[in-house]
Engineer: 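This is the structure, below, for whatever I ask next.
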Amino acid sequence: MKFFVDTADIAAIAELNDLGMVDGVTTNPSLILKSGRDIIEVTREIAELVDGPVSAEVVALDAPAMIAEGRKLAAIAPNIAVKLPLTWDGLKACKVLSGEGFMVNVTLCFSANQALLAAKAGASFISPFIGRLDDINLDGMELIEDIRIIYDNYGFETEILAASIRTVNHVLECARIGADVMTAPPEVIKKLASHPLTDAGLATFLKDWEKTGQKIL
Ligand code: G3P
C-alpha cells in the first residue's frame with residue numbers, strides 16, 4: 001500500500017520523505033488554510049520535494065472553471081494530480097483533464113456508485129472519506145471494501161486512495177482490504193511505529209544494560 005501524507009506542512013512532509021515513507025502528498029483547501037501559505041507556492045515546493053503525485057484541489061463549481069483551474073494547478077509541476085470534487089461537473093472536468101493526460105484525484109467520495117462514475121470518467125485516483133462516514137455512524141471501511149470489489153470486478157485501473165484516515169486501525173484495515181493508497185496526517189503515520197510492548201521491552205533492556213556496566217561507544 002502506498003503512503004500519501006495528507007498535509008501542506010513542508011517540514012512534516014520532509015521528515016517523512018527522508019525516511020522513504022512518502023509516496024505522494026494530498027492537500028485540500030482546509031489544509032492550505034492551515035499552512036498559511038499561498039496555494040501555488042506551497043504546492044510547487046511540495047512537488048519539488050517529493051517524487052510521487054501531489055494532489056492540489058480546485059475550488060470552482062462549474063466544469064469549465066474547474067478545467068481552467070485544473071490546468072493552472074497541473075502546470076505547477078509534472079507530478080501534480082488535479083483534485084476535483086465528486087459532483088456531476090467534477091466528473092465532466094475529470095473526463096476532460098484525464099483526456100489531456102493529467103492525473104486526476106476525484107475527492108469527497110462517499111458511495112461506491114460515486115466511485116464507479118469516477119472510474120468511468122478516467123480518474124487516476126478515487127478518494128473515499130472513511131473518517132467522515134464514521135462520524136455519522138456509517139461504516140467507512142465498508143465503502144473501501146465495496147469499491148475494491150467493484151473495481152476488481154471490471155478491471156478499473158483507478159487507484160483507491162483511502163482518505164479521511166484518523167486512526168492506525170484505519171490504516172491496518174485499508175491494507176487488509178487492499179486499498180492501493182492511503183493518505184493520512186503525519187501524526188497518524190508516525191503513530192504506526194508505536195506499541196506499548198515495544199516501549200516496555202526497551203525500558204527493561206536499558207535497565208539490564210545499565211547493570212552490565214558496559215558501553216558500546
Ligand atoms: O484527504 C481528505 C482528508 O483531508 C479529510 O480528512 O479528517 O478532515 O475528514 P478529515
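Counting convention: from 1, in listed order, for ligands and their atoms alike. Just so it is clear, the values below take in all heavy atoms, side chains as well, and ignore hydrogens, waters and symmetry mates.
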Engineer: Begin from the C-alpha positions of K72 and E69 and carry the test salt bridge (Lys or Arg N to Asp or Glu O under 4.0 Å) through to its verdict.
Structural biologist: CA-CA 5 Å; K72 180 165 179 182; E69 286 185 357; over 6 Å; no
Engineer: Check whether any N or O atom of T26, backbone or side chain, sits under 3.5 Å from an N or O atom of ligand 1, and answer yes or no.
Structural biologist: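 So ligand 1 has no N or O lying under 3.5 Å from an N or O of T26.
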Engineer: Quick check on the hydrophobic clustering: are F4 and V42 connected, directly or via other members, by side-chain heavy-atom contacts under 4.5 Å?
Structural biologist: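 No, it is not one cluster - the side chains of F4 and V42 are not joined through contacts under 4.5 Å.
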Engineer: Closer than 4.0 Å to some heavy atom of R166 - which atoms of ligand 1 meet that?
Structural biologist: 7 (O), 9 (O), 10 (P)
Engineer: Tell me the protein heavy atom at minimum distance from atom 2 (C) of ligand 1, and give that distance in Å.
Structural biologist: F129 CZ, 3.3 Å
Engineer: Is it true that K211 and D208 make a salt bridge, defined as a side-chain N closer than 4.0 Å to a carboxylate O?
Structural biologist: yes
Engineer: Counting only heavy atoms, which portion of I165 has something under 4.0 Å from ligand 1: side chain, backbone, both, or neither?
Structural biologist: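 It is neither; nothing of I165 touches ligand 1.
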Engineer: Any nitrogen or oxygen of T183, side chain or backbone, less than 3.5 Å from one on ligand 1?
Structural biologist: no
Engineer: Looking at I165 and A184, what are the two nearest heavy atoms and their distance?
Structural biologist: CG2-CB, 3.8 Å
Engineer: Measure the distance from atom 8 (O) of ligand 1 to every protein heavy atom, then report the residue, atom name and distance (to 0.1 Å) of the closest one.
Structural biologist: R132 NH2, 2.8 Å
Engineer: Applying side chain to side chain contact (heavy atoms under 4.5 Å, CB included), run through D135 and S164 and close with a yes or a no.
Structural biologist: CA-CA 11 Å; D135 286 345; S164 186; 5.9 Å; no
Engineer: Among all protein heavy atoms in this structure, tell me which lies nearest to atom 3 (C) of ligand 1, with the distance rounded to 0.1 Å.
Structural biologist: D6 OD2, 3.0 Å
Engineer: Can you give me the closest heavy-atom contact between A8 and L31, atom names plus distance?
Structural biologist: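 So the minimum-distance heavy-atom pair works out to CB-O, 3.9 Å.
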Engineer: Do NZ/NE/NH1/NH2 and the carboxylate oxygens of R148 and D180 come within less than 4.0 Å?
Structural biologist: yes
Engineer: At a 4.0 Å threshold, what atoms of ligand 1 neighbour a non-hydrogen atom of S164?
Structural biologist: 2 (C), 3 (C), 5 (C), 6 (O), 7 (O), 9 (O), 10 (P)
Engineer: Which of the atoms of ligand 1 are close to A163, meaning less than 4.0 Å from one of its heavy atoms?
Structural biologist: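 Per the distance check, 1 (O), 2 (C).
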